[in-house]
Visitor: 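Sharing a structure with you now.
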There are 2 protein chains.
Amino acid sequence: MHSPLITHIRKFVSLTDEEATLLSSKLTQLKLRKKAFVLTPGKRCTANYFVVKGCMRLYFITDKDVEQITQFGIEDWWITDYDSLDRQQPSHFYIQAVEDCEVMVLEQKVQEELFKQIPVLERYFRLILQKAYTAAQRRMEYIFTMTEEERYRSFSTRFPAFNQRVPQYMVASYLGVTPQFISRVRAKKARIS
Amino acid sequence: MHSPLITHIRKFVSLTDEEATLLSSKLTQLKLRKKAFVLTPGKRCTANYFVVKGCMRLYFITDKDVEQITQFGIEDWWITDYDSLDRQQPSHFYIQAVEDCEVMVLEQKVQEELFKQIPVLERYFRLILQKAYTAAQRRMEYIFTMTEEERYRSFSTRFPAFNQRVPQYMVASYLGVTPQFISRVRAKKARIS
DNA sequence: CGCGACGTTGATTTGCCTCAACGATTGTGG
DNA sequence: CCACAATCGTTGAGGCAAATCAACGTCGCG
């Protein structure tokens, strides 16, 4: 029996048992209480986080002092601030546990070493990034072609489980609308059905 | 003297001259007249395009029959529909030359073979995708935190050259606003200065 | 119990779109 | 080479979707 991460990687590339063991030995497991942070603004992001269990959020505070969520990470998703990671600059993001979480921490330095020892990992992360990029593109399609009401409805049908696990105001923030707006849409929906 | 693509790759990874030659031999050069297409809806996207000279656009037609541009590609940028490429499904995008263009065509199949022969390419594309993903994330930040007027102003100061090379209505489409709106903002700007 | 976090509802405001008409420029066929 | 059409940008009037401001209800928790 292997960790969820190894299972996930093997969906994309093949990994020998030795490689899997080596990789596992380089990761640290982290249990997080709801609302715990692994990154706060001003700090450099030095790791990539794989969510084994629970739900994380990546967000920042806008000029108008509003939380803007840019990404959620649930089971089998990586979450990090690639910009800070890449440029080795302080982040302006928070990464926080929305629920009690279990994550695997892959430090950037360790990742670089592992790429030398397990070249196929480079491929794995290329594929992961391609998927993430495609998802980001699609999200922009939704933003540009749908009204906010359509976007909310679409979101809540495409990710029903999601919609239950995170509070309304976070969904609102992720969709870029106000909590009041979502409340109204829900009220309308309820009245119809 | 090497091709712009080799030069670009060498900014990210090191490539032997043999590798560079091999790679070059696997690429085809393509000259495009303004308004020529390399991808249209219904066709599968089978290649990744590197813009050597000129400007390309990736766009689709919305339900309301409006062109929505999701990406521009200028010198030293790759442009493709990763979704179609990845899932081997018909695309719903157009990829078109905005100006007369010169592009290098890397067929997906060829790319896969090359990864075996030149493993470091895998790293190159991982890094490119990471940059693209980060840019997409930042674009969403702009979308969520700025008004459309601010977004236009920000865009035209951050990419002044850009703003001159593509017609207004394409900038409008990329920013998700109407051409009329941009026109009004420009009028306002002119009145002030 | 009392306080803070979260959600709801109503009234008003506003940023941008839509529709429409009209110049200016480009480009194309006779 | 000119005439006419198509393309692109501008401007005005009116409308609407969602934000903002504000007050209130409710639940969970220290």
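Every value quoted in this text rests on a predicted model; they were computed, and no experiment measured them. Below, chains carry the letters A, B, ... as their sequence lines are ordered, and counting in each starts from 1.
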Visitor: What integer distance in Å separates Leu175(A):CG from dA17(D):C1'?
Guide: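 The distance from CG of Leu175(A) to C1' of dA17(D) comes to 16 Å, rounded to the nearest Å.
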
Visitor: According to a strict under-4.0 Å criterion, is Thr178(A) in side-chain N/O contact with OP1 or OP2 of dA19(D)?
Guide: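 So the side chain of Thr178(A) is within the cut-off, an N or O lying under 4.0 Å from OP1 or OP2 of dA19(D).
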
Visitor: Could you check whether Ser183(B) gets within reach of a base, just the sugar-phosphate, or nothing at all, counting any heavy atom under 4.0 Å?
Guide: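 Answer is base: heavy atoms of Ser183(B) come under 4.0 Å of a base.
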
Visitor: Provide, to the nearest angstrom, the distance between the NZ atom belonging to Lys64(B) and the P atom belonging to dA17(D).
Guide: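 Distance check: Lys64(B) NZ to dA17(D) P gives 11 Å.
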
Visitor: Over all strands shown, is Pro179(B) touching base, sugar-phosphate only, or nothing at heavy-atom distances under 4.0 angstrom?
Guide: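 No contact.
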
Visitor: Kindly confirm or rule out a cation-pi arrangement of Arg186(A) over Tyr152(A), judged by NZ or CZ under 6.0 Å from the six-membered ring centre and within 45° of its axis?
Guide: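 Not satisfied by the 6.0 Å and 45° rule.
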
Visitor: Of all the nucleotides listed (dT11(D), dC16(C), dG9(D)), which has the minimum atom distance to the side chain of Tyr169(B)?
Guide: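 It is dG9(D).
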
Visitor: Should Arg184(A) be listed as having a side-chain N or O under 4.0 Å from OP1 or OP2 of dA18(D)?
Guide: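 Arg184(A) to dA18(D) OP1/OP2: no side-chain N or O under 4.0 Å.
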
Visitor: Ring of Tyr142(A), cation from Arg158(A) - is the NZ or CZ under 6.0 Å from the centre and inside 45° of the axis?
Guide: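 Flagged: Arg158(A) positioned over aromatic ring of Tyr142(A).
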
Visitor: Tell me, please, whether Phe159(A) has Arg165(A) positioned over its six-membered ring: NZ or CZ under 6.0 Å from the ring centre and within 45 degrees of its axis?
Guide: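 Ring-cation test returns no.
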
Visitor: Determine the contact category for Glu149(B): base if any of its heavy atoms lies under 4.0 Å from a base atom, sugar-phosphate if only primed atoms, P, OP1 or OP2 are that close, otherwise nothing.
Guide: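 Counting heavy atoms under 4.0 Å across all strands, the contact made by Glu149(B) is with sugar-phosphate only.
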
Visitor: Do other residues, nucleotides or ligands put more than 12 heavy atoms under 6.0 Å from Asp17(B) CG?
Guide: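 For Asp17(B), atom CG is crowded (more than 12 foreign heavy atoms under 6.0 Å).
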
Visitor: Would you compute the distance between atom NZ of Lys43(A) and atom OH of Tyr94(A) and round it to the nearest 0.5 angstrom?
Guide: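 Rounded to the nearest 0.5 Å, the NZ-OH separation comes to 11.5 Å.
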
Visitor: Rounding to an integer number of Å, can you tell me how far Ile143(B) CD1 sits from dA18(D) C1'?
Guide: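 Answer to the nearest Å: 17 Å.
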
Visitor: Can you tell me the distance, in whole Å, between the CD atom of Gln164(A) and the C1' atom of dG7(C)?
Guide: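 The answer, rounded to whole Å, is 17 Å.
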
Visitor: Could you tell me how far apart Gln180(B) (CD) and dC17(C) (C1') are, to the nearest whole angstrom?
Guide: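 The answer, rounded to whole Å, is 8 Å.
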
Visitor: Counting side-chain heavy atoms from C-beta on, which of dC16(C), dT8(C), dA11(C) comes nearest to Glu148(B)?
Guide: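 Taking heavy atoms from C-beta onward, the closest nucleotide is dC16(C).
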
Visitor: Let me spell it out: for each of Met146(B) and Phe181(A), pick the nucleotide of DNA chain C with the closest heavy atom. Which residue's pick is nearer the 5' end?
Guide: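 It is Phe181(A), whose closest nucleotide lies nearer the 5' terminus.
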
Visitor: Return the nearest nucleotide to the side chain of Pro167(A); candidates are dG10(C), dC6(C), dA13(D).
Guide: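 Nearest nucleotide to the side chain: dC6(C).
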
Visitor: Nearest-Å distance, CD1 (Ile182(A)) to C1' (dA17(D))?
Guide: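 The answer, rounded to whole Å, is 15 Å.
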
Visitor: Output the rounded distance in Å from NZ (Lys35(B)) to C1' (dT28(C)).
Guide: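 Result: 12 Å.
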
Visitor: Rounded to whole Å, please give me the gap between OH in Tyr152(B) and P in dC16(C).
Guide: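 It is 14 Å, rounded to the nearest whole Å.
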
Visitor: With the side chain of Arg186(B) defined as its heavy atoms from C-beta on, choose the nearest nucleotide among dT10(D), dA18(D), dC17(C).
Guide: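 Of all the options, the side chain of Arg186(B) is nearest to dT10(D).
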
